[in-house]
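Heads up: the structure comes next, in structure tokens.
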Amino acid sequence: MKIHNFSAGPCILPQDVFQQASKAVLDFNGLSILEISHRSKDFVAVMEKAQSLALEHLGLINKGYKALFLGGGASMQFLMTAYNLLEKKAAYLNTGTWSDKAIKEAKAFGEVVEVGSSKEANYNYIPKDYQIPTDADYFHITSNNTIFGTQLKEIPQVNIPLVCDMSSDIFSRQLDFTQFDLIYAGAQKNMGPAGATLVVVKEDILGKVSRHIPSMLNYQTQISKDSMFNTPPVFPIYVSMLTLEWLKSNGGIDAIENINNKKASLIYSEIDRNDLFKGFAAVEDRSNMNATFSLNNDSHKELFDNLCKEANISGLNGHRSVGGYRASMYNALPLESVEVLVNVMKELENRA
Ligand SMILES: *Cc1c(COP(=O)(O)O)cnc(C)c1O
């Protein structure tokens with residue numbers, strides 16, 4: 001049975017990747033990938049491949065960046081970024097629950113200036129007119145707001161280090177990635193299973209704070225040990241590597257962005273056309289990864305939910321802080337799944 005998986009995360013990954021990953025559980029050069037040493041030649045090769053593919057996709061090879069695969073999720077990066085970079089003052093743009101959490105963590109390390117926030121509107125738009133203090137140690141943004149379905153279409157130009165939580169749209173669209181000094185992303189939104197976090201950091205921004213940083217949380221330790229200060233999440237890193245290979249063999253970010261644009265325009269056109277539905281996010285800030293919408297009339301909910309179920313649509317419930325529905329359309333979700341969803345929305349119109 002084919003299930004159309006719109007889950008926000010952990011999310012759909014390519015079927016090919018599932019197949020290769022399950023094979024490696026049984027036989028990875030004779031042993032299971034789950035029982036080999038992280039220091040073995042075979043796994044070191046996996047780690048190197050995953051790191052170099054990540055940098056290659058982002059166009060950051062030989063540009064002073066290092067790619068790390070760490071444990072702890074994106075949430076660990078909320079504090080790790082501040083621990084390593086915040087000496088006195090940092091600037092944050094508050095565009096959703098995840099930015100808000102990053103701000104809370106950073107406050108333990110210094111002054112945090114919230115340059116803009118859409119909290120008062122339940123984060124349904126991206127604040128645009130704001131001033132960034134020029135003496136801040138860095139500016140932190142969230143490129144895609146997974147819960148609210150908004151996305152930064154333009155990356156702010158700044159003269160201080162730019163730090164970005166790219167958990168839910170990394171590798172989904174082309175950007176000039178050299179404008180970022182540190183990018184982090186939990187694997188489970190667009191890259192792999194939960195358990196690994198990718199950090200891409202420009203080395204020359206490190207080593208500037210005066211506090212003592214515990215070894216595990218110090219990017220410089222992690223770089224000097226090549227992400228193997230301790231046992232890294234071996235299997236999630238292996239699966240992330242497979243997904244990055246899949247992306248490469250499918251034409252890289254440019255090709256996937258094309259499909260992602262098609263998927264997004266398909267669903268948003270239907271949300272706008274169909275009188276039974278309304279979108280949540282401001283039109284100009286709509287995310288290509290997570291489309292948030294709801295029914296205009298709750299009396300249609302039962303029928304819509306049943307039609308979705310009959311069509312094998314899964315994971316469409318909105319986050320509890322927004323309600324309604326959320327269609328997450330990460331790289332591995334086929335265009336066909338969005339077509340199935342749009343047809344169900346049309347059918348509701350015919351039957352309601
Ligand atoms: C899911 C998500 C997080 C949290 O990720 P964890 O790996 O669960 O810590 C942080 N930021 C964004 C944008 C997310 O989508």
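Counting convention: from 1, in listed order, for ligands and their atoms alike.
Using modelled atom types, no side-chain atom of N122 and backbone atom of N124 make a donor-acceptor pair closer than 3.5 Å.
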Can you list every pair where an N/O of ligand 1 is under 3.5 Å from an N/O on the protein?
unit_1   : atom_1 : unit_2 : atom_2 : d
ligand 1 : 7 (O)  : A74    : N      : 3.0
ligand 1 : 7 (O)  : Q188   : NE2    : 2.9
ligand 1 : 8 (O)  : Q188   : NE2    : 3.3
ligand 1 : 9 (O)  : A74    : N      : 3.2
ligand 1 : 9 (O)  : S75    : N      : 2.8
ligand 1 : 9 (O)  : S75    : OG     : 2.6
ligand 1 : 11 (N) : D165   : OD2    : 2.6
ligand 1 : 15 (O) : T146   : OG1    : 2.4
ligand 1 : 15 (O) : K189   : NZ     : 2.6

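Under the ring-ring contact (aromatic ring centres under 6.0 Å, His included) criterion, no residue pair touches residues 204-228, with sequence neighbours excluded. Sequence neighbours left out, the pairs with a member in residues 22-37 that pass side-chain hydrogen bond (donor to acceptor under 3.5 Å, both in side chains) are N29-D42.
In summary, of the residues considered (L93, V163, L182), a side-chain contact (heavy atoms from CB on, under 4.5 Å) with H140 occurs for V163 alone.
In the model, K263 has a side-chain atom that pairs as donor or acceptor with a side-chain atom of N260 under 3.5 Å.
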Hey, can you pull the donor-acceptor pairs under 3.5 Å for the side chains in residues 338-346, sequence neighbours left out?
unit_1 : atom_1 : unit_2 : atom_2 : d
N343   : ND2    : E339   : O      : 3.3

